[in-house]
Amino acid sequence: MTEAAESASATAPQGPVRLSPLDEARLALAMELSQLVEHADRGVPVRPEVAPGDLLRRALGLQDRANRIVEAAVVAERERGTTWDRIGEAAGVTRQSAHERWQDSVRSWAAIGRCTIPLNNPRGSLEYASMIDGFYAARHPDEPRAVSQGLDANRFPGSREDEQSLRTPAVAENRDQTAAIRDQRARVYEQLAACEPTLSEEHRADADRRREAAEEARLYATSLRTGCGRAAEGLDDVGGE
(Lines give C-alpha, C1' and ligand atoms only; values in the text may rest on other atoms or scores of the structure.)
Protein backbone atom coordinates (compact mmCIF):
# COMPACT_ATOMS: atom_id res chain seq x y z
CA MET A 1 0.00 0.00 0.00
CA THR A 2 1.32 3.44 -0.88
CA GLU A 3 1.83 6.17 1.70
CA ALA A 4 -1.09 8.15 0.23
CA ALA A 5 -3.36 5.11 0.31
CA GLU A 6 -2.44 4.40 3.93
CA SER A 7 -3.27 7.99 4.84
CA ALA A 8 -6.62 7.81 3.07
CA SER A 9 -7.43 4.53 4.80
CA ALA A 10 -6.60 5.99 8.21
CA THR A 11 -8.84 9.01 7.75
CA ALA A 12 -11.76 7.29 5.99
CA PRO A 13 -14.90 6.97 8.16
CA GLN A 14 -15.45 3.49 9.54
CA GLY A 15 -18.71 1.67 8.83
CA PRO A 16 -21.63 2.93 6.77
CA VAL A 17 -21.61 6.67 6.12
CA ARG A 18 -24.39 8.69 7.72
CA LEU A 19 -25.28 12.16 6.56
CA SER A 20 -26.02 15.45 8.30
CA PRO A 21 -29.09 15.44 10.57
CA LEU A 22 -30.92 17.61 8.02
CA ASP A 23 -30.19 15.17 5.19
CA GLU A 24 -31.07 12.21 7.41
CA ALA A 25 -34.41 13.80 8.32
CA ARG A 26 -35.21 14.49 4.66
CA LEU A 27 -34.33 10.90 3.82
CA ALA A 28 -36.50 9.57 6.66
CA LEU A 29 -39.47 11.58 5.37
CA ALA A 30 -38.85 10.38 1.80
CA MET A 31 -38.78 6.77 2.98
CA GLU A 32 -42.04 7.10 4.90
CA LEU A 33 -43.75 8.70 1.90
CA SER A 34 -42.52 6.06 -0.55
CA GLN A 35 -43.72 3.28 1.75
CA LEU A 36 -47.13 4.93 2.02
CA VAL A 37 -47.44 4.98 -1.78
CA GLU A 38 -46.52 1.30 -1.98
CA HIS A 39 -49.06 0.32 0.66
CA ALA A 40 -51.72 2.52 -0.91
CA ASP A 41 -51.22 0.66 -4.20
CA ARG A 42 -51.72 -2.65 -2.45
CA GLY A 43 -54.82 -1.33 -0.72
CA VAL A 44 -56.72 -0.60 -3.94
CA PRO A 45 -59.78 -2.95 -3.86
CA VAL A 46 -59.33 -5.00 -7.04
CA ARG A 47 -60.95 -8.23 -5.86
CA PRO A 48 -64.73 -8.40 -5.47
CA GLU A 49 -64.55 -10.75 -2.50
CA VAL A 50 -62.41 -9.99 0.53
CA ALA A 51 -62.68 -11.06 4.15
CA PRO A 52 -64.95 -8.90 6.32
CA GLY A 53 -62.96 -6.07 7.85
CA ASP A 54 -60.04 -6.28 5.39
CA LEU A 55 -60.90 -3.02 3.65
CA LEU A 56 -61.02 -1.16 6.96
CA ARG A 57 -57.83 -2.77 8.23
CA ARG A 58 -55.98 -1.64 5.11
CA ALA A 59 -57.35 1.89 5.46
CA LEU A 60 -56.36 2.06 9.12
CA GLY A 61 -52.88 0.84 8.21
CA LEU A 62 -52.58 3.73 5.76
CA GLN A 63 -53.80 6.13 8.42
CA ASP A 64 -51.10 4.92 10.78
CA ARG A 65 -48.47 5.45 8.09
CA ALA A 66 -49.85 8.91 7.38
CA ASN A 67 -49.42 9.78 11.06
CA ARG A 68 -45.79 8.62 10.87
CA ILE A 69 -45.29 10.85 7.84
CA VAL A 70 -46.55 13.84 9.81
CA GLU A 71 -44.13 13.03 12.63
CA ALA A 72 -41.25 12.69 10.15
CA ALA A 73 -42.23 16.02 8.58
CA VAL A 74 -42.15 17.74 11.98
CA VAL A 75 -38.69 16.30 12.65
CA ALA A 76 -37.52 17.48 9.23
CA GLU A 77 -38.90 20.95 9.92
CA ARG A 78 -37.09 21.12 13.25
CA GLU A 79 -33.85 20.06 11.56
CA ARG A 80 -34.40 22.91 9.09
CA GLY A 81 -34.66 25.30 12.03
CA THR A 82 -38.41 25.81 11.81
CA THR A 83 -39.74 27.14 15.12
CA TRP A 84 -42.59 25.57 17.05
CA ASP A 85 -44.58 28.73 16.36
CA ARG A 86 -44.33 28.14 12.61
CA ILE A 87 -45.04 24.43 13.00
CA GLY A 88 -48.16 25.23 15.00
CA GLU A 89 -49.21 27.75 12.38
CA ALA A 90 -48.81 25.18 9.60
CA ALA A 91 -50.86 22.65 11.57
CA GLY A 92 -53.55 25.16 12.48
CA VAL A 93 -52.87 24.86 16.22
CA THR A 94 -51.06 26.85 18.87
CA ARG A 95 -47.33 26.60 19.46
CA GLN A 96 -47.98 24.83 22.78
CA SER A 97 -50.34 22.30 21.19
CA ALA A 98 -47.84 21.53 18.45
CA HIS A 99 -45.05 21.11 20.98
CA GLU A 100 -47.13 18.82 23.20
CA ARG A 101 -48.24 16.75 20.23
CA TRP A 102 -44.87 16.16 18.57
CA GLN A 103 -42.16 16.78 21.16
CA ASP A 104 -41.80 13.04 21.79
CA SER A 105 -41.21 12.41 18.08
CA VAL A 106 -38.38 14.96 18.09
CA ARG A 107 -36.90 13.53 21.28
CA SER A 108 -37.03 10.00 19.89
CA TRP A 109 -35.24 11.17 16.75
CA ALA A 110 -32.52 12.80 18.85
CA ALA A 111 -32.21 9.72 21.06
CA ILE A 112 -31.38 7.42 18.12
CA GLY A 113 -28.65 9.78 16.94
CA ARG A 114 -30.66 11.66 14.31
CA CYS A 115 -30.18 8.90 11.75
CA THR A 116 -32.60 7.25 9.33
CA ILE A 117 -30.97 3.84 9.25
CA PRO A 118 -30.40 1.68 12.38
CA LEU A 119 -26.82 1.59 13.60
CA ASN A 120 -26.46 -2.15 12.92
CA ASN A 121 -27.47 -1.78 9.27
CA PRO A 122 -24.42 -2.18 7.00
CA ARG A 123 -25.84 0.03 4.26
CA GLY A 124 -25.05 3.72 4.13
CA SER A 125 -27.71 6.41 3.96
CA LEU A 126 -26.86 7.30 0.37
CA GLU A 127 -27.58 3.73 -0.67
CA TYR A 128 -31.10 4.11 0.65
CA ALA A 129 -31.41 7.45 -1.08
CA SER A 130 -30.53 5.72 -4.35
CA MET A 131 -33.21 3.10 -3.72
CA ILE A 132 -35.82 5.82 -3.25
CA ASP A 133 -34.48 7.52 -6.38
CA GLY A 134 -35.44 4.39 -8.32
CA PHE A 135 -38.89 4.29 -6.75
CA TYR A 136 -39.50 7.95 -7.60
CA ALA A 137 -38.04 7.67 -11.11
CA ALA A 138 -40.48 4.87 -11.94
CA ARG A 139 -43.24 7.47 -11.63
CA HIS A 140 -41.22 10.47 -12.80
CA PRO A 141 -38.78 9.22 -15.48
CA ASP A 142 -37.45 12.72 -16.14
CA GLU A 143 -36.07 12.92 -12.57
CA PRO A 144 -33.81 9.86 -12.14
CA ARG A 145 -32.00 11.09 -9.00
CA ALA A 146 -34.51 13.49 -7.49
CA VAL A 147 -34.07 12.46 -3.84
CA SER A 148 -30.28 12.16 -3.87
CA GLN A 149 -29.79 15.44 -5.69
CA GLY A 150 -31.77 17.28 -3.04
CA LEU A 151 -29.42 16.20 -0.24
CA ASP A 152 -26.73 18.58 0.98
CA ALA A 153 -24.26 15.69 0.78
CA ASN A 154 -24.53 15.90 -3.01
CA ARG A 155 -25.31 19.58 -3.39
CA PHE A 156 -22.26 20.74 -1.44
CA PRO A 157 -19.04 18.78 -2.10
CA GLY A 158 -17.12 17.99 1.04
CA SER A 159 -20.12 18.17 3.37
CA ARG A 160 -20.01 14.43 4.08
CA GLU A 161 -16.38 14.62 5.20
CA ASP A 162 -17.22 17.65 7.31
CA GLU A 163 -20.09 15.79 8.92
CA GLN A 164 -17.86 12.84 9.78
CA SER A 165 -15.32 15.16 11.41
CA LEU A 166 -18.00 16.42 13.80
CA ARG A 167 -18.62 12.96 15.22
CA THR A 168 -15.80 13.01 17.71
CA PRO A 169 -15.11 11.22 21.00
CA ALA A 170 -15.10 14.62 22.71
CA VAL A 171 -18.76 15.16 21.86
CA ALA A 172 -19.63 11.67 23.11
CA GLU A 173 -17.78 12.39 26.34
CA ASN A 174 -19.79 15.58 26.71
CA ARG A 175 -22.98 13.55 26.38
CA ASP A 176 -21.85 11.13 29.06
CA GLN A 177 -21.18 14.07 31.38
CA THR A 178 -24.61 15.49 30.59
CA ALA A 179 -26.20 12.15 31.48
CA ALA A 180 -24.37 12.10 34.83
CA ILE A 181 -25.59 15.61 35.65
CA ARG A 182 -29.17 14.68 34.81
CA ASP A 183 -28.94 11.55 36.96
CA GLN A 184 -27.71 13.69 39.83
CA ARG A 185 -30.63 16.07 39.42
CA ALA A 186 -33.02 13.12 39.40
CA ARG A 187 -31.64 12.04 42.78
CA VAL A 188 -32.16 15.55 44.15
CA TYR A 189 -35.83 15.44 43.16
CA GLU A 190 -36.19 12.03 44.80
CA GLN A 191 -34.81 13.54 48.01
CA LEU A 192 -37.25 16.43 47.73
CA ALA A 193 -40.10 13.96 47.34
CA ALA A 194 -39.15 12.40 50.69
CA CYS A 195 -38.77 15.79 52.39
CA GLU A 196 -41.98 17.33 50.99
CA PRO A 197 -44.70 14.64 51.00
CA THR A 198 -47.40 17.04 49.79
CA LEU A 199 -45.40 17.63 46.59
CA SER A 200 -43.97 14.14 46.26
CA GLU A 201 -45.92 13.34 43.09
CA GLU A 202 -44.59 16.42 41.30
CA HIS A 203 -41.03 15.83 42.50
CA ARG A 204 -41.05 12.19 41.38
CA ALA A 205 -42.39 13.22 37.97
CA ASP A 206 -39.47 15.66 37.69
CA ALA A 207 -37.07 12.91 38.71
CA ASP A 208 -38.49 10.59 36.04
CA ARG A 209 -38.05 13.27 33.38
CA ARG A 210 -34.42 13.80 34.38
CA ARG A 211 -33.73 10.06 34.24
CA GLU A 212 -35.31 9.81 30.79
CA ALA A 213 -33.20 12.74 29.60
CA ALA A 214 -30.09 11.07 31.04
CA GLU A 215 -30.85 7.87 29.16
CA GLU A 216 -31.33 9.81 25.92
CA ALA A 217 -27.93 11.43 26.42
CA ARG A 218 -26.30 8.04 26.98
CA LEU A 219 -27.96 6.59 23.88
CA TYR A 220 -26.73 9.53 21.86
CA ALA A 221 -23.19 9.12 23.15
CA THR A 222 -23.32 5.48 22.04
CA SER A 223 -24.56 6.48 18.59
CA LEU A 224 -21.69 8.96 18.23
CA ARG A 225 -19.11 6.32 19.10
CA THR A 226 -20.58 3.91 16.55
CA GLY A 227 -20.50 6.47 13.76
CA CYS A 228 -24.02 7.83 13.62
CA GLY A 229 -24.86 11.29 14.86
CA ARG A 230 -23.54 14.66 15.78
CA ALA A 231 -24.16 17.21 18.51
CA ALA A 232 -27.86 17.92 18.64
CA GLU A 233 -27.84 21.66 19.00
CA GLY A 234 -31.36 22.96 18.42
CA LEU A 235 -33.03 19.66 19.29
CA ASP A 236 -31.99 19.23 22.92
CA ASP A 237 -34.50 21.83 24.02
CA VAL A 238 -37.46 20.66 21.95
CA GLY A 239 -39.57 23.22 23.71
CA GLY A 240 -37.32 26.00 22.50
CA GLU A 241 -37.97 28.38 19.66
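Heavy atoms from other residues, nucleotides or ligands lying under 6.0 Å from CZ of R86 number 12 at most. Heavy atoms from other residues, nucleotides or ligands lying under 6.0 Å from CD of Q96 number 12 at most.
Annotation: salt bridge (charged side-chain N to carboxylate O under 4.0 Å, His left out) contacts of R101 (sequence neighbours excluded): none. Contacts of D54 classified as side chain to side chain contact (heavy atoms under 4.5 Å, CB included), with partners at least two apart in sequence or in another chain: V50, A51, R57. Taking A40 as the reference, L62 meet the side chain to side chain contact (heavy atoms under 4.5 Å, CB included) condition, with sequence neighbours excluded. E196 pairs by the salt bridge (charged side-chain N to carboxylate O under 4.0 Å, His left out) definition with nothing, not counting sequence neighbours. With sequence neighbours left out, E143 forms a side chain to side chain contact (heavy atoms under 4.5 Å, CB included) with Y136, H140, A146. The side chain to side chain donor-acceptor pair (under 3.5 Å) search around E38 returns none, not counting sequence neighbours. Under the side chain to side chain contact (heavy atoms under 4.5 Å, CB included) criterion, A179 pairs with A214, A217, R218, sequence neighbours left out. R209 meets the salt bridge (charged side-chain N to carboxylate O under 4.0 Å, His left out) test with D206; sequence neighbours excluded. Qualifying salt bridge (charged side-chain N to carboxylate O under 4.0 Å, His left out) partners for R47, counting only residues two or more places apart in sequence or in other chains: none.
Pairs passing the salt bridge (Lys or Arg N to Asp or Glu O under 4.0 Å) check and including a residue from residues 62-73, sequence neighbours excluded, read E32-R68.
A donor-acceptor pair is defined here as one N or O able to donate and one able to accept, closer than 3.5 Å; such a pair exists between the side chain of H39 and the backbone of Q35. Side-chain atoms of D23 never come within 3.5 Å of backbone atoms of L151 as a donor-acceptor pair (strictly under, hydrogens ignored). E127 places a side-chain N or O within 3.5 Å of a backbone atom of G124 that can act as its donor or acceptor partner. Side-chain atoms of R210 never come within 3.5 Å of backbone atoms of R185 as a donor-acceptor pair (strictly under, hydrogens ignored).
Atoms OG and CH2, from S97 and W102 in turn, are 9.5 Å apart once rounded to the nearest 0.5 Å. Between atom CD of residue E216 and atom CD of residue E212 there is a gap of 7.5 Å, rounded to the nearest 0.5 Å. Atom-to-atom distance recorded for D133:CG and S148:OG is 3.5 Å, nearest 0.5 angstrom. The line from CG of L60 to CG of L55 is 11.0 Å long, rounded to the nearest 0.5 Å. Between atom CG of residue L33 and atom CD1 of residue I132 there is a gap of 9.0 Å, rounded to the nearest 0.5 Å.
Through side-chain heavy atoms spaced under 4.5 Å, either directly or across other Ile, Leu, Val, Met, Phe, Trp or Tyr residues, V44 is tied to V46. Cluster partners of Y189, by chain and number: V188, L192. The rule joins Ile, Leu, Val, Met, Phe, Trp and Tyr whenever side-chain heavy atoms lie under 4.5 Å apart.
There is no side-chain donor-acceptor pair under 3.5 Å between S20 and D152.
Look at E77 and R80 and you find a salt bridge, because one of the NZ, NE, NH1 or NH2 atoms lies within 4.0 Å of a carboxylate O, short of that distance.
The minimum heavy-atom distance linking G88 with A98 is given by the pair CA-CB, 3.7 Å. Taking both residues in full, the closest heavy atoms of R211 and A186 are given as CG-CB, 3.7 Å, listed atom of the first, atom of the second, then distance.
The closest side-chain heavy-atom distance from E190 to H203 is not below 4.5 Å. In this structure, the side chains of T94 and W84 stay at 4.5 Å or more apart for every pair of heavy atoms.
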Do S125 and L19 pass the side chain to side chain contact (heavy atoms under 4.5 Å, CB included) test, and can you show the C-alpha distance, the side-chain angles, and the key distance before you say yes or no? CA-CA 7 Å; S125 298; L19 309 177; 3.8 Å; yes
Quick one, Q149 with N154, criterion side chain to side chain contact (heavy atoms under 4.5 Å, CB included). Give me CA distance, side-chain angles, the key distance, then yes/no. CA-CA 6 Å; Q149 288 179 342; N154 290 320; 5.8 Å; no
Between T116 and W109, is the side chain to side chain contact (heavy atoms under 4.5 Å, CB included) condition met? List the steps. CA-CA 9 Å; T116 306; W109 170 254; 4.2 Å; yes
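Remark: of the listed residues R26, R78, R114, R114 is the sole one forming a side-chain contact (heavy atoms from CB on, under 4.5 Å) with P21.
The hydrophobic clustering, which links ILVMFWY residues whose side-chain heavy atoms are closer than 4.5 Å, places V147 and L29 apart.
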